[in-house]
Amino acid sequence: MGVFINRDNDGFRRYANGEYVDKTSLISYINSTISKPTMLTCVTRPRRFGKTAAAQMLYAYYDKSSDSRELFSKYNISQDKTFEEHLNNYPAIYLDVTDFTTRYAGREDIVDLMQKEIMEDIAEDYPDIEVKDNDDLMALLLRITMKKGETFVMIIDEWDAICREAADKPSLMDKYVNFLRRMFKGGNTAKVFACVYMTGILPIKRYGTQSALNDFQEFSMTKPRQLAGLFGFTEAEVRHLCDKYGMDYEEMKGWYDGYRFGPNHPSVFNPNSVMIACSSHEYGNYWGRTSAFEALQRYIDLDMNGVQESLEKLLRGERQEVKALRFGFDVSSIGSDDELLTLFIHLGYLSYNVEEETATVPNKEIRIEFVEALRGSKTHKKLSAMVKLSDRLMRATLDGDEQQVAEVIEHLHQEETSPQFYNNEQALRSVLKLGYISAIDKYISIQELPTGKGYADLVFIPRTGGYLPAVVVELKWNKTEHAAIEQIKERNYPDVLKRFTDNILLVGISYDETTKQHTCKIEKYAG
């Protein structure tokens, strides 16, 4: 078995032996591109969104050293009219670029080493083909094609690893992009390859001074097009998993859904987090365990106009207009808030609505990531202070410190509301929501929870069992905090929480627009 060629189908078989959600319709699309002008495909997704599973699936299907008919027989692709035509019909090359960036970290000759190792592996499989001293990978493949009449399928996983990890090495970046251009932008590309599939995190527009590899058909988080349903798990797929594992669909949706591409495309869930939640029977933040949290904090700390205002708006749960750029920059030269937010979209930290050209924080899992990143921010001191104030507000609420709660809300009201909207009830409700933002790591927060006799303004349900109480918050405008508590009791707001816990705190908050005073009343629910 080879390292880069003749690898067999073991990589995908491991996925198939587990809980594999059928994404073999990607094969149908790639089959439709074979030996056509659209033969070069690049699909980019965030970390842990199934990139490697898709690459291994494609390799298992095309690799001629495998017999994958039985492996794919239970999946949708087996019913496709092109299934037999291309099944295990090509010499296939698999390249995981992160393997080289990990093994040869810091070296400037990664591209040379990569080509050398691939060529040595291929030469073993074609012992009758001469390898000349001045050959590069493309020259060797072209010679094989001309003598054997074979065309290759090439699968590249994490194509952008060098671009992401060696952004401070322009000579290495140029060498790598030249390698890609030599392989996939020359006149011999169509002779050598039946099709090429690349996947990674970042789209392939421009790096340094090199022109784009514009022959690739790109499918990204800003333009998923007809492959949108393959970028994660769809609603139907997650409902099936929830039924199978006894998980609550609405809870799963709140945690991991939210990647919406517009009304003509399905919303998708983070697949890795859904699978971990199902297997562990526990909802939680699994994103931070698998992605580079330091990268989020580093990018957030880039000091540029408009970013602080955009992040604050996003944390309020509002939509932020973004001109999702054609990624004509590298990650070391981000120069505007639109560029930064576009990067966040590709990294999976924001969801992008193509039709509206707006971004949102997709779900609870990502909101926790943002809160944690902002808590330690050195650049966005206002936002960092706001998160720390939120920590203080939550502690004061749980401690029953009414004066402290009133003081923090008053401070946030003054800081976060412009004078013309200060005496606006909706503005204060928005401040209240923002004030409790740091509760998201321990609580499920629900605005205007239906209770049967009205809607509770803000409710916090503990994410796990234990000592934390549930919290019901009611805001009163030009009425007393005691009136807020009485409304909670009269309308039996706590009743909906009793299935979670009997430990419930009632919080009444009042604002008097004449005196501009904020007051608070906290008491434990007696049942």
Considering residues, nucleotides and ligands other than K479, do more than 12 of their heavy atoms fall under 6.0 Å from its NZ? no
Looking only at non-hydrogen atoms, find the nearest pair between G435 and S390 and report the distance. O-OG, 2.6 Å
With the threshold set at 4.0 Å, does a side-chain nitrogen-carboxylate oxygen contact exist between K23 and E237? yes
Report yes if some heavy atom in the side chain of V322 is under 4.5 Å from a heavy atom in the side chain of I345; otherwise report no. yes
Tell me, yes or no, whether the heavy-atom count around E355 atom CD, taken from other residues, nucleotides or ligands under 6.0 Å, exceeds 12. yes
Pair D80-S28, side-chain donor/acceptor within less than 3.5 Å: yes
After noting the C-alpha distance and the side-chain angles of W287 and Y256, does the key distance pass the ring-ring contact (aromatic ring centres under 6.0 Å, His included) rule? CA-CA 10 Å; W287 181 279; Y256 310 119; over 10 Å; no
Whether the side chain of N363 engages the backbone of G254 through a donor-acceptor N/O pair (distance < 3.5 Å, no angle test) should be reported. no
Verify the distance criterion only: is there a donor paired with an acceptor across the side chains of N214 and K185 at less than 3.5 Å? yes
Under a plain distance cut-off of 3.5 Å, with no hydrogens placed, do Y493 and Q487 share a side-chain donor-acceptor pair? yes
Does the side chain of V473 come within less than 4.5 Å of V459's, by heavy atoms? no
Y352: what forms a ring pair (Phe, Tyr, Trp, His ring centres under 6.0 Å) with it, not counting sequence neighbours? none
Can you tell if the side chain of Q517 reaches within under 4.5 Å of the side chain of S510, non-hydrogen atoms only? no
How many angstroms lie between atom NZ of K253 and atom CG of D248, to the nearest 0.5 angstrom? 12.0 Å
One pair to check against side-chain contact (heavy atoms from CB on, under 4.5 Å): L343 and E339. What are the steps and the verdict? CA-CA 6 Å; L343 176 61; E339 289 180 344; over 6 Å; no
Excluding sequence neighbours, so at least two apart, what forms ring pair (Phe, Tyr, Trp, His ring centres under 6.0 Å) with Y197? none
Roughly how far, to the nearest 0.5 Å, is CD1 of I276 from CZ of R48? 8.0 Å
Would you say R395 and Q404 make side-chain contact, with heavy atoms under 4.5 Å? no
Side chains of N353 and T358 only: does a donor on one sit below 3.5 Å from an acceptor on the other? no
What's the shortest heavy-atom distance between A277 and M247, and which atoms? O-CE, 3.4 Å
Audit row: Y61, N31, side chain to side chain donor-acceptor pair (under 3.5 Å) steps and yes/no: CA-CA 11 Å; Y61 174 78; N31 282 351; 3.2 Å; yes
Take the angle between the ring planes of Y176 and F179 and call it parallel below 30°, perpendicular above 60°, tilted in between. parallel
Does the side chain of N76 come under 3.5 Å of the side chain of D22 through a donor N or O and an acceptor N or O? yes
Show your reasoning for whether side-chain contact (heavy atoms from CB on, under 4.5 Å) applies to V274 and L241. CA-CA 9 Å; V274 168; L241 288 169; 4.0 Å; yes
Answer yes or no: is there a side-chain heavy-atom contact under 4.5 Å between Y283 and K364? no
Do N270 and Y286 have side-chain atoms, one donor and one acceptor, less than 3.5 Å apart? no
Under 3.5 Å, side chain of N478 to main-chain N/O of E513, donor-acceptor pair present? yes
In plain terms, say whether K244 and E19 are close enough for a salt bridge, that is, a side-chain N and a carboxylate O under 4.0 Å apart. yes
Please find the pair of heavy atoms, one from R260 and one from S267, that lie closest to each other, and give the distance. CG-OG, 3.5 Å
M173 and I162 have their tightest heavy-atom pair at SD-O, 4.1 Å
Parallel, tilted or perpendicular, as decided by the 30° and 60° cut-offs, for the rings of W477 and Y511: tilted
Do the ring planes of Y94 and Y59 sit parallel (below 30°), tilted (30 to 60°) or perpendicular (above 60°)? perpendicular
Does any part of the side chain of L412, heavy atoms only, come nearer than 4.5 Å to the side chain of L389, both counted from C-beta? yes
Run the side-chain contact (heavy atoms from CB on, under 4.5 Å) test on V405 and L393 for me, step by step, so that the C-alpha distance in whole Å, both residues' side-chain angles and the decisive distance to 0.1 Å come before the verdict. CA-CA 6 Å; V405 169; L393 176 61; 3.8 Å; yes
Check the pair L350, T360 against side-chain contact (heavy atoms from CB on, under 4.5 Å), reporting the backbone distance first and the verdict last. CA-CA 6 Å; L350 293 176; T360 54; over 6 Å; no
Measure across L58 and I155 and return the closest heavy-atom pair with its distance rounded to 0.1 Å. CB-CD1, 4.0 Å
Check the side chains of Y436 and T397 for a donor-acceptor pair under 3.5 angstrom, ignoring hydrogens and angles. yes
Are the charged groups of E356 and R319 less than 4.0 angstrom apart, N to O? yes
H281 side chain vs Y245 backbone, donor-acceptor pair below 3.5 Å: yes
Is there side-chain contact between I201 and D160, with at least one heavy-atom pair below 4.5 Å? yes
Identify whether the distance between the nearest side-chain nitrogen and carboxylate oxygen of E357 and K323 falls below 4.0 Å. yes
Is it the case that T519 and E481 place a side-chain donor and acceptor less than 3.5 Å from each other? yes
Between F184 and F216, does the ring centroid distance fall short of 6.0 Å? yes
Should E410 and K516 count as an ion pair when the cut-off is N to O under 4.0 Å? no
Could you tell me if the side chain of Y259 sits less than 4.5 Å from the side chain of I366, heavy atoms only? yes
Roughly how far, to the nearest 0.5 Å, is CG of D99 from CG of D157? 10.5 Å
Hey, what do you get for CZ (R164) to CD (E158), rounding to the nearest 0.5 Å? 5.0 Å
With F233, which residues qualify under ring pair (Phe, Tyr, Trp, His ring centres under 6.0 Å), at least two apart? none
Rounded at 0.5 Å granularity, tell me how far OG1 in T234 sits from NE2 in H240. 11.0 Å
What do the steps show when you test Y29 against F219 for ring-ring contact (aromatic ring centres under 6.0 Å, His included), and what is the final call? CA-CA 12 Å; Y29 172 77; F219 301 86; 5.4 Å; yes
NZ (K223) and NE2 (H265) are apart, to the nearest 0.5 Å, by 11.0 Å
For S351 and G258, work out which heavy atoms get closest and say how close. OG-O, 2.7 Å
